[in-house]
Chemist: 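The structure is given below, and queries will be raised subsequently.
Letters A, B, ... are given to chains in the order of the sequence lines, protein chains preceding strands, and every chain is numbered from 1. We use all heavy atoms of the structure for the numbers below, so side chains are in, but hydrogens, waters and symmetry mates are not.
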Amino acid sequence: MCSLSTLILKFKDKEVEIESGKSFSSVFPDLAFKDKEKIVGLFINGILYDLHMPIKNSGTIEPVYVDSEESLHILRHSTSHIMAQAVKHLFPHVKLAIGPSIKDGFYYDFDFQETISPQDLKQIEEEMRRIIDEDQHFERFVKPRKDALSLYKKESEEYKLELINDLGEEEEITFYRNGDFIDLCRGPHIPSTGYIKAYKLLNIAGAYWRGDERNPMLTRIYGTSFFQEKLLTSYLVKIEEAKRRDHRKLGKELELFSFHDEGPGFAFWLPKGVVLRNILLDFWREEHRKAGYVEVQTPLILKKDLWIQSGHWENYRDNMYITEIDESPFAIKPMNCPGGMLLYKEKIHSYRDFPMRVGEVGLVHRHEKSGVLHGLFRVRSFTQDDAHIFMLPSQIKEEIIRVIELTERIYEVFGFPYHIELSTRPDKSIGTDEQWDLATKGLEDALIEHGKGYELRPKEGAFYGPKIDFHLEDCLGRFHQCGTIQLDMSLPERFDLNYISSKGKEERPVVIHRTVLGSIERFIGILIEHYGGRFPLWLAPVQVVVMPITEKHVEAAGSAFNRLNDEGIRAELDDRNEKLGYKMREAEVKKIPYIVVMGQKEIESDTVSVRKGGGIDMGPLEMDGFVDLLKQETESKKKQ
RNA sequence: GCCACCCUAGCUCAGUCGGUAGAGCAACGCACUCGUAAUGCGUAGGUCGUCGGUUCGAUUCCGAUGGGUGGCUCCA
């Protein structure tokens, strides 16, 4: 890198010569960009820079305009600085940690001397307003390490000192200044604070310094910002929509499940919730039967010795509930696999049995830390749609592909897009390097052959093997981990599993653990939010409500209800002595798919009046036709 | 587990700068017999999460504890 040389910047078909070390803002007059005031950064050879950075390489440049994804990143990073600046004005003794931009906004971590509560956010926002209105210019500068350290020593900014000390010797130590605020920062930043047209501080949370629970707990303030007020508004509307769809709220309103102080993290299932669970499991069993699975059930409580043998005692004990029976220690199962291993050993297996696909809808209990519990998404007791597949090492790839395909078939019915992650060996694990390499390669090969892309998650595997995880994307763009495929080369060893090979010798089988839905509880939570409580007909706990107009029509409504009931349709009869509008409203609030009205007209014409949930009047239908319609819609598992 | 905040009737929420509480909906009763998102009137319902402290007096202030919410760490 030569600071005195001349650089050549290419933009479209133009070329400009500039002096090395000048910033992009100084290049502007020489390049014919349109809407220059809307440019907040540039790509040079595909790498993002802001307008403050000195140019040190020749290359092709591409402007970054307001409202692109990259520009939002720049904007939000700058907004986090302004928030820190405002906080520093209001709380001069605060210590600064870090303040990056994140997916939907930004945060800054502070070490406050005083406690900060959500009420303080308003005041901070007001101070930010002042800074933004001043339209302070951002300015980038470099400091020698020594100066940078002494600056922060003087101000007792211990976190900043730690950050500088962690920077490599050869790295430049850069700062950004706007107004009276200086922060150690790589950038990029917007040209001036006035670029922030809309911002909002959202919430306060605790966060460990550098994400390590052994470190001090800092105070994190989250916020977001946009280049346009209306984009902030629509973001806030989206948050409101997510609140409306919250499965904890809908679960209560729709009477699906409940939680009680007496069992934190343990869901209670109400009649309608149980209907939903059973429908889901019926569907699951049907798909698994077609895919060649059998189903078993293993006990909830098993002896400690078993958990020692499986490695859970050593690696998973903190998450296990321990109990005692006849003075010997037992544990409630946190996973189904050890029980499954015992079942395998029931008899001698031949290579001809393979692959053996053994499902188990198993209730597991895990002690989760109290702070992580979250509705059905994170509970202490949940039902895994588990299966263990026993097979030859040579069958790994094909079998994993079959599991992926089964998973896809099931997700497709709900209309969930998803992505796949491959997690490799964690620090705390059992098994040899060789086993791990082989298992990881097996998963990798299957993913490559299957052809859908995947993300690599180093060290995120289970303690007994690498895993493939499926992350569903719901209708609000949030991700949820559901299915998982884990290749296990350790349990077969620990349980001394064997099969008789074609050569008549005892050999070690390979085991896959896998789930598709992951946890029935979590999956139902996701379904509730995905559909906003308005389930497609095949899943709806109540499919039809029949309502007579007055007491005179109760009998006719009753026979309509009986007919539906006999046809296997989940119907309810609302024969309360209430006005039609009242009952109608209640059925709509409960998001019932179909409402049947029975009055004089219907009795005379031998029809039923049908209203589709959501307010669509379908007019009078003959009962036979209506039943067919319901059956077809149920059968097709139509998405909405 | 950690940080901040919250906990008042079945639900959603007012309220009390310390003098033992109120609305709407729901429930129940009565009247109305009704045509596609709330008929009217009335009745009942709360030791203000629990325990302790300060105080003449605590739902209110303080402390502990339980549960929840938003995050962090962890995870199906």
Chemist: Heavy atoms only, 4.0 Å cut-off, all strands: where does G518(A) land among base, sugar-phosphate and nothing?
Modeler: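 The answer is sugar-phosphate, as G518(A) gets under 4.0 Å only of primed atoms, P, OP1 or OP2.
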Chemist: Kindly say whether R378(A) contributes a backbone atom to a donor-acceptor pair with the side chain of E368(A) at under 3.5 angstrom?
Modeler: no
Chemist: Classify the side-chain pair Q384(A)/T515(A) by whether it contains a donor and acceptor separated by less than 3.5 Å.
Modeler: no
Chemist: Can you tell whether the side chains of K467(A) and E421(A) come within less than 4.0 Å, N to carboxylate O?
Modeler: no
Chemist: Within the 4.5 Å heavy-atom criterion, are M618(A) and F626(A) side-chain neighbours or not?
Modeler: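 SC-SC contact between M618(A) and F626(A) ruled out.
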Chemist: Assign E253(A) to base, sugar-phosphate, or nothing according to its heavy-atom contacts below 4.0 angstrom with the strands shown.
Modeler: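 Touches nothing.
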Chemist: Using a 4.0 Å heavy-atom cut-off, does N577(A) contact any base of the nucleic acid, only the sugar-phosphate backbone, or nothing at all?
Modeler: base
Chemist: Determine the contact category for K583(A): base if any of its heavy atoms lies under 4.0 Å from a base atom, sugar-phosphate if only primed atoms, P, OP1 or OP2 are that close, otherwise nothing.
Modeler: nothing
Chemist: Are side-chain heavy atoms of Y293(A) and L406(A) found at a separation under 4.5 Å?
Modeler: yes
Chemist: Assign V379(A) to base, sugar-phosphate, or nothing according to its heavy-atom contacts below 4.0 angstrom with the strands shown.
Modeler: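 Base: the residue V379(A), judged by heavy atoms under 4.0 Å, touches a nucleobase.
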Chemist: Base, sugar-phosphate, or nothing for R210(A), non-hydrogen atoms under 4.0 angstrom?
Modeler: nothing
Chemist: Under 4.0 Å between any heavy atoms, over every strand shown, what does S370(A) touch: base, sugar-phosphate, or nothing? Just pick one.
Modeler: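 Since a base atom lies under 4.0 Å of S370(A), the category is base.
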Chemist: Can you tell me how far C1' in G67(B) sits from the matching atom in G29(B), rounded to whole Å?
Modeler: 36 Å
Chemist: Looking at Y199(A) and E125(A), would you say the former's side chain and the latter's main chain have a donor-acceptor pair under 3.5 Å?
Modeler: yes
Chemist: Under 4.0 Å, counting only non-hydrogen atoms across every strand here, what does Q600(A) touch: a base, just sugar-phosphate, or nothing?
Modeler: base
Chemist: If I pick the C1' atom on U16(B) and the same atom on U20(B), what distance separates them, to the nearest angstrom?
Modeler: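 Here U20(B) and U16(B) have their C1' atoms 11 Å from each other.
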Chemist: Give me the distance, rounded to whole Å, that separates A26(B) from G40(B) when you measure between the P atoms they each carry.
Modeler: 10 Å
Chemist: Between S423(A) (side chain only) and P466(A) (backbone N and O only), is there a donor and an acceptor less than 3.5 Å apart?
Modeler: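 The answer is no, because no donor-acceptor pair under 3.5 Å joins these two groups.
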Chemist: Under a cut-off of 3.5 Å for both distances of each Watson-Crick or G-U pair, what dot-bracket string does RNA chain B give, using [ ] for crossing pairs and | for inter-strand pairs?
Modeler: (((((((..((((.....[..)))).(((((.......))))).....(((((..]....))))))))))))....
Chemist: Counting the atoms with a prime plus P, OP1 and OP2 as sugar-phosphate, which does F382(A) contact under 4.0 Å by heavy atoms, base, sugar-phosphate, or nothing?
Modeler: base
Chemist: Need to verify one output field. Residue with the more 5' nearest nucleotide on RNA chain B, S117(A) or D617(A)?
Modeler: S117(A)
Chemist: With a strict under 4.0 Å distance from non-hydrogen atoms of chain A, what nucleotide opens and what nucleotide closes the contacted stretch of RNA chain B, reading 5' to 3'?
Modeler: G1(B) to A76(B)
Chemist: Both F470(A) and E588(A) contact RNA chain B. Taking the nearest nucleotide for each, which residue is further toward the 5' end?
Modeler: E588(A)
Chemist: Between G57(B) and C61(B), how far apart are the C1' atoms? Round to whole Å, please.
Modeler: 13 Å
Chemist: Please measure how far the P atom in C51(B) lies from the corresponding atom in A58(B), and state the result in whole Å.
Modeler: 13 Å
Chemist: I'd like to know if the side chain of K95(A) and the backbone of E158(A) have a donor-acceptor N/O pair within less than 3.5 Å.
Modeler: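 Looks like no, no N/O pair under 3.5 Å.
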Chemist: Check for a donor-acceptor pair, side chain of T224(A) on one end and backbone N or O of D104(A) on the other, with a separation under 3.5 Å.
Modeler: yes
Chemist: Given side chains that start at C-beta, do those of D111(A) and W209(A) come closer than 4.5 Å, heavy atoms only?
Modeler: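 In short, these two side chains do not touch, never coming nearer than 4.5 Å.
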Chemist: Under 4.0 Å between any heavy atoms, over every strand shown, what does T115(A) touch: base, sugar-phosphate, or nothing? Just pick one.
Modeler: sugar-phosphate
Chemist: Checking all strands, does G371(A) fall into the base, sugar-phosphate, or nothing category for heavy-atom contacts under 4.0 angstrom?
Modeler: base
Chemist: Can you see whether Y107(A) has R220(A) sitting over its ring - NZ or CZ less than 6.0 Å from the centre and within 45° of the normal?
Modeler: yes
Chemist: Answer with base, sugar-phosphate or nothing: what part of the nucleic acid does K590(A) contact at a heavy-atom distance below 4.0 Å?
Modeler: nothing
Chemist: Identify whether any heavy atom of E551(A) sits under 4.0 Å from a base atom; if not, whether one sits that close to sugar-phosphate; answer base, sugar-phosphate or nothing.
Modeler: base
Chemist: Using a heavy-atom cut-off of 4.0 Å across all strands, would you classify F523(A) as base, sugar-phosphate, or nothing?
Modeler: nothing
Chemist: Could you measure between the two P atoms, the one in A4(B) and the one in G10(B), and give it in whole Å?
Modeler: 31 Å
Chemist: With rounding to whole Å, what would you report as the distance between A31(B) and A37(B) at their C1' atoms?
Modeler: 24 Å
Chemist: Taking atom P in both G49(B) and G15(B), what distance in whole Å separates the two?
Modeler: 15 Å
